[in-house]
Structure formats: C-alpha cells, structure tokens
Amino acid sequence: MSATREDVGGTPLPPGWAKPAHQPDAFELTTTTFAERAAKTMARPFARGAIANATDHAAALTTARFVGTDHEALREEARKIRAHAIANLPDYLDQWIDQAERKGTIVHYAADESEARRIVAQICTDQQITRVVKSKSMASEEVSLNSALEAVGVDIYETDLGEFVVQAMGDRPGHVIAPILHRTKDEVHELFSAMAGHELPNEAEALTAFAREGLRHAFLTADAGISGGNFLIAETGDVLLVTNEGNGRLTTSLPPIHIALVGIEKVLPRRRDLAVLLPLLTGHGTGQQITTYVSVSAGPRRQGEPDGPEQMHVVLLDAGRSALLGGEFEEALHCIRCGACQNVCPVYRQVGGHAYGWVYGGPIGAVLTPLFRGQEEAGELAQATTLCGACDDVCPVKIPLHDLLLNLRRRSDAEGHVPRHEQVAFALWAQVWSRPLLYRASTAVARGSLRALARNGVVSAKSPLLRRWTAGRDLVVGKRPR
Ligand code: SF4
C-alpha cells in the first residue's frame with residue numbers, strides 16, 4: 001500500500017497545520033501614509049524596544065565580525081565587483097542563462113510582477129502542484145506570489161521560522177533578514193499553542209520543536225519547493241542560497257520540482273567573486289563568518305545522482321530593475337539585501353519595517369520602493385531619513401544611499417510632487433540659515449521658545465504646539481531632570 005501525504009512525515013499533522021494561513025499582500029502604500037503606518041508601531045512600545053534591541057545586537061555583531069580584517073579594502077573590492085556586474089548586466093545575464101540551460105534548468109523571464117505570478121502559477125497548474133514549501137524570498141514578497149498561488153489552489157508553507165510565524169499570524173516580515181524582529185516570544189507561544197490545540201511550554205526549544213515537526217511534514221509531502229536566490233553565478237549558471245536553518249536546502253532539493261524566483265540584478269560574473277561577497281553578506285547580515293548553510297542549485301538531478309529535484313525552473317524577475325540601468329539610480333541595483341542599513345538607521349529603529357508600506361524597509365526601502373512602485377505611490381519615503389549617512393558608512397557594497405535619497409527628493413520636487421507651502425518654507429529656511437547672523441538669531445529664538453514650553457526641562461506630549469513631535473517621546477531641553 002502506498003503511503004499517503006499525511007503518513008510520509010511520521011506523525012499526523014497537528015490540527016493547526018492542515019491548511020496554511022493566508023498572508024496579506026505587501027501593499028499598503030496606496031491606502032495609508034507613512035505617518036499612519038509609523039504610528040501603529042509607535043503605539044506598541046514593546047515593538048519599538050524589540051526593534052532597537054535587535055538592531056543594536058545585529059550592528060554590534062557586524063562590527064565584531066570584521067575586527068582584525070581589512071574591512072575597508074573588502075568593501076571597496078565588493079563595490080567594484082557589483083558595479084562591474086551591473087554595468088554589464090545584459091551580457092552576464094545572457095552568460096548565466098546559457099550556462100543554466102546547459103545544465104537543464106528551465107529559465108523564464110518575468111518583465112513585471114504580474115508576469116512572475118502568472119509564470120509560477122502556470123508551472124503549478126501544468127505540473128498539478130497543490131502543496132509548496134517556500135524558503136525566504138524577498139522577490140516573492142515583491143510580486144505577492146503567495147496570493148497568486150492560493151488563487152490556483154496551491155497550499156504554501158513558509159519554512160523559514162520567522163517567515164512561518166508571520167504567515168501564521170497573517171502578518172508581514174518586518175526586516176529583510178529577521179522577519180519577526182518586531183514580535184515577542186510570548187506572541188509566538190500563544191500562536192503555536194493555538195495551532196497545537198493545547199498549551200505548549202513557553203520555551204524557545206519547545207516552540208522551535210513544534211514548528212520543526214509540522215515543517216518536516218510539509219517538506220516531505222510538498223510537490224514543489226520555491227526559493228529566492230542570493231546570487232546568480234554567470235560563469236557556472238548556478239543559483240546560490242544562504243540560510244541558517246537548513247530550510248533552503250530542503251526546499252531546493254527534496255521536492256521533485258524546484259522553482260527559484262530571483263531578481264535579475266543578483267548576477268555575479270565569477271564563482272571566485274563569492275570570496276568577497278559572501279563574507280560581506282553574512283557578516284553584515286548576521287555577524288557570522290559564514291551562514292550555517294550555503295547551497296548551490298546547479299540544475300535538476302542528473303542521471304545517477306541520488307537526490308535533487310527532477311525539474312528546476314528559474315524565473316528571472318525584472319520588475320523595474322532594467323529601467324534603472326545607466327541612470328542616476330543604477331547603484332541601487334548593487335544591493336545584496338544584507339539589511340545592515342536598516343540596523344543603523346535612526347528612522348527604521350523607531351518605526352520598524354511595516355511603516356515603509358511595502359517589502360523593503362529602512363534606507364534601502366526608502367530608495368527602492370519609490371523606484372519600483374513610482375513617485376506617486378511611494379515618493380514620501382525619501383523623506384523618511386535624517387540624512388545622517390550611517391547607512392552609507394555600513395553598506396558592504398558602498399551604495400551612496402544618502403545621495404540617492406537626496407536625488408529622489410530632487411526628482412520629487414522637479415516633478416511637482418512637493419506642496420507649494422513646503423517649497424516656500426524651505427526656501428526661506430535656506431535664506432535664513434545661510435546668513436550667520438540670522439542663523440544665530442533664529443536658533444536663539446528657538447532655544448528660548450523651547451525653554452518657555454518646557455516643564456522641568458522637558459516638553460511633553462501635552463504641549464499643543466509640538467504635539468506631533470512629542471507624541472511618541474519627550475523632548476528634553478537642556479539636562480534631563482533626575
Ligand atoms: S543597501 Fe547596502 S546595507 Fe542596505 S541592504 Fe543593501 S547592501 Fe545591505
């Protein structure tokens with residue numbers, strides 16, 4: 001008697017696992033403003049604390065990782081590699097496609113998000129795929145792949161633990177590398193206990209074991225695995241994936257079909273470029289020397305090989321990327337999605353990833369989202385920065401994020417998206433602050449006004465004049481009273 005899907009994984013699926021939860025698409029840009037979305041996070045004090053702690057920790061790990069190395073030389077080398085790859089992207093993509101097809105990979109090209117959804121849904125329909133395991137993929141978030149597959153009757157199980165939690169909560173990832181950095185262990189405990197149908201111990205090991213049990217079923221019974229890709233190696237036609245949980249490797253090698261959805265800008269010319277890019281990606285992402293797993297997908301299983309998928313598809317996603325080639329924003333394509341700029345950004349650290357309204361948060365989100373979604377929808381994100389330059393200093397491939405944000409602001413102004421009153425206010429401000437006498441006079445007036453508003457050295461949220469500024473924190477004038 002042949003085994004059923006539910007037999008294959010050993011014990012039966014726990015009650016809450018029978019059907020994966022629906023995850024909302026990452027599109028809040030048209031329905032809410034940045035301020036409204038940020039206010040939601042600001043209203044959850046724990047989330048703010050959790051984000052600040054997690055990003056502090058990640059930034060410290062990154063700093064420690066490169067002590068004793070010539071970090072600056074490595075970054076400069078990485079910048080050159082990425083700049084060369086993107087400047088010659090059409091050639092390297094052709095080379096990658098040629099090599100990948102020689103290895104039996106079926107390559108598709110998606111000009112935009114709807115085409116990517118259609119291609120993957122078509123593969124699922126043609127191959128009668130009804131259950132999919134998915135490794136973390138920001139490209140799939142960009143195209144809202146999950147809802148497209150749900151529409152053709154496919155059950156999707158996110159298998160990265162953080163992604164699995166946000167899916168089960170009906171939430172969205174809050175960070176490129178750490179999707180649940182805005183969530184608490186207690187929230188995960190409550191969720192998993194509800195899925196299990198009984199109270200689980202509120203301990204990380206027990207909660208992880210619960211997820212592992214269900215995910216094992218999903219891996220063993222899936223018809224296909226869907227992944228992203230950290231790099232496409234033009235020289236070999238391979239897709240490279242880094243993970244820490246092993247879920248990427250299981251997703252790409254256990255089910256009979258592997259579908260990778262990868263942005264076209266992920267191309268690297270040669271395998272040896274990984275010697276520079278890989279330590280920077282992992283060091284800036286998680287502070288590790290190298291991630292626990294580095295998986296290379298090199299086409300379907302060949303004759304005589306004991307494992308690997310029988311079919312491998314790669315969907316190359318353009319969706320606004322090629323439009324940036326040769327222009328003033330080309331450097332945004334150098335990004336390797338390490339998340340380091342989010343960790344050091346004083347805006348992201350207060351408002352979290354959801355405030356950016358789409359897939360990417362922090363400085364790179366404030367750059368990419370207006371470029372991919374358009375000025376009308378997302379132009380205001382270029383204002384979500386203090387222009388302190390911390391993101392420039394930390395970026396492993398030296399993207400001048402601060403300059404790109406300024407360029408976006410200039411473009412917004414040139415296209416007439418800046419309101420008249422704002423133009424007049426900034427013109428006046430520039431006139432005043434470019435004259436030393438007026439600058440000193442204006443700052444003296446500001447200091448005096450703040451002192452008049454303060455009580456015991458603090459302007460609190462009760463002050464009607466500065467309510468928007470002080471709604472989420474006290475404004476300390478001079479020394480904070482003890
Ligand atoms: S812009 Fe730089 S720091 Fe930010 S995610 Fe991309 S590579 Fe990392």
Side-chain angles (χ1 to χ4, degrees), residues 51 54-56 58-63 65-66 71-72 74-86 136-139 141-142 173-179 181 228-231 240 242 262-268 273-274 276-288 291 320-321 324 328-349 352-353 356 358-372 381-382 384-408:
I51 293 166
T55 50
D56 273 347
L61 287 176
T62 296
T63 305
R65 159 67 182 85
F66 293 102
H71 189 198
E72 198 44 38
L74 201 60
R75 287 176 73 216
E76 181 54 26
E77 189 57 27
R79 186 195 67 74
K80 286 186 192 153
I81 293 169
R82 290 300 290 146
H84 173 76
I86 296 300
K136 190 156 84 62
S137 156
M138 299 311 281
E141 302 283 341
E142 271 187 50
H175 187 276
V176 176
I177 300 289
L181 116 163
N230 294 95
F231 296 112
L240 188 116
V242 296
V262 191
I264 54 172
E265 83 283 13
K266 294 293 184 78
V267 168
L268 288 182
D273 295 329
L274 292 171
V276 176
L277 269 305
L278 213 45
L280 284 173
L281 173 61
T282 59
H284 282 252
T286 56
Q288 292 169 286
T291 43
R321 288 153 170 86
L324 303 182
E328 60 178 330
F329 297 105
E330 182 178 282
E331 282 165 296
L333 297 175
H334 297 181
C335 176
I336 56 172
R337 308 285 192 270
C338 71
C341 56
Q342 299 182 314
N343 299 337
V344 298
C345 175
V347 177
Y348 174 89
R349 288 163 54 85
Y356 294 79
W358 197 50
V359 179
Y360 304 107
I364 189 61
V367 171
L368 283 182
T369 310
L371 294 174
F372 286 174
L381 292 185
T385 168
T386 62
L387 297 176
C388 64
C391 48
D392 290 16
D393 293 343
V394 80
C395 178
V397 291
K398 299 176 93 170
I399 299 173
L401 291 154
H402 158 271
D403 289 334
L404 297 182
L405 286 163
L406 280 172
N407 289 350
L408 279 168

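Every number for a ligand or one of its atoms is a count from 1 in the order of the listing. Keep in mind it's a predicted model, so treat the numbers as computed, not measured. Residue numbers start at 1 and run along the sequence shown.
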Starting from atom 2 (Fe) of ligand 1, find the nearest protein heavy-atom neighbour and note its residue, name and distance.
C395 SG, 2.4 Å
Which of these, I364, V344, I177, has its nearest heavy atom closest to atom 1 (S) of ligand 1?
I364
Under a 4.0 angstrom heavy-atom cut-off, which atoms of ligand 1 come close to I399?
1 (S)
Test side-chain hydrogen bond (donor to acceptor under 3.5 Å, both in side chains) applied to Y360 and E141, step by step
CA-CA 9 Å; Y360 304 107; E141 302 283 341; over 6 Å; no
Quick check: closest heavy atoms across R65 and Q288, and the distance to 0.1 Å?
NE-O, 3.3 Å
Looking at atom 6 (Fe) of ligand 1, what's its closest protein heavy atom, distance included?
C335 SG, 2.4 Å
Please test N343 against V394 for side chain to side chain contact (heavy atoms under 4.5 Å, CB included), starting from the C-alpha separation and ending with a verdict.
CA-CA 9 Å; N343 299 337; V394 80; over 6 Å; no
Salt-bridged, R82 to E330, with N to O below 4.0 Å?
no
From atom 8 (Fe) of ligand 1 out to just under 2.8 Å, does an N/O/S atom of C338 turn up?
yes
Checking a contact table here: which protein heavy atom is nearest atom 5 (S) of ligand 1, and how many Å away?
G339 N, 3.3 Å
Check: of G362, C341, G361, min heavy-atom distance to atom 3 (S) of ligand 1 comes from C341
Just to check, does V394 reach to within less than 4.0 Å of ligand 1 when the distance is taken from its heavy atoms?
no
Can you tell me the protein heavy atom closest to atom 7 (S) of ligand 1 and the distance?
I336 N, 3.5 Å
Derivation and outcome, side chain to side chain contact (heavy atoms under 4.5 Å, CB included), residues K398 and K80:
CA-CA 10 Å; K398 299 176 93 170; K80 286 186 192 153; over 6 Å; no
Do R75 side-chain atoms and C395 backbone N/O form a donor-acceptor pair below 3.5 Å?
yes
Check for a donor-acceptor pair, side chain of D273 on one end and backbone N or O of L268 on the other, with a separation under 3.5 Å.
no
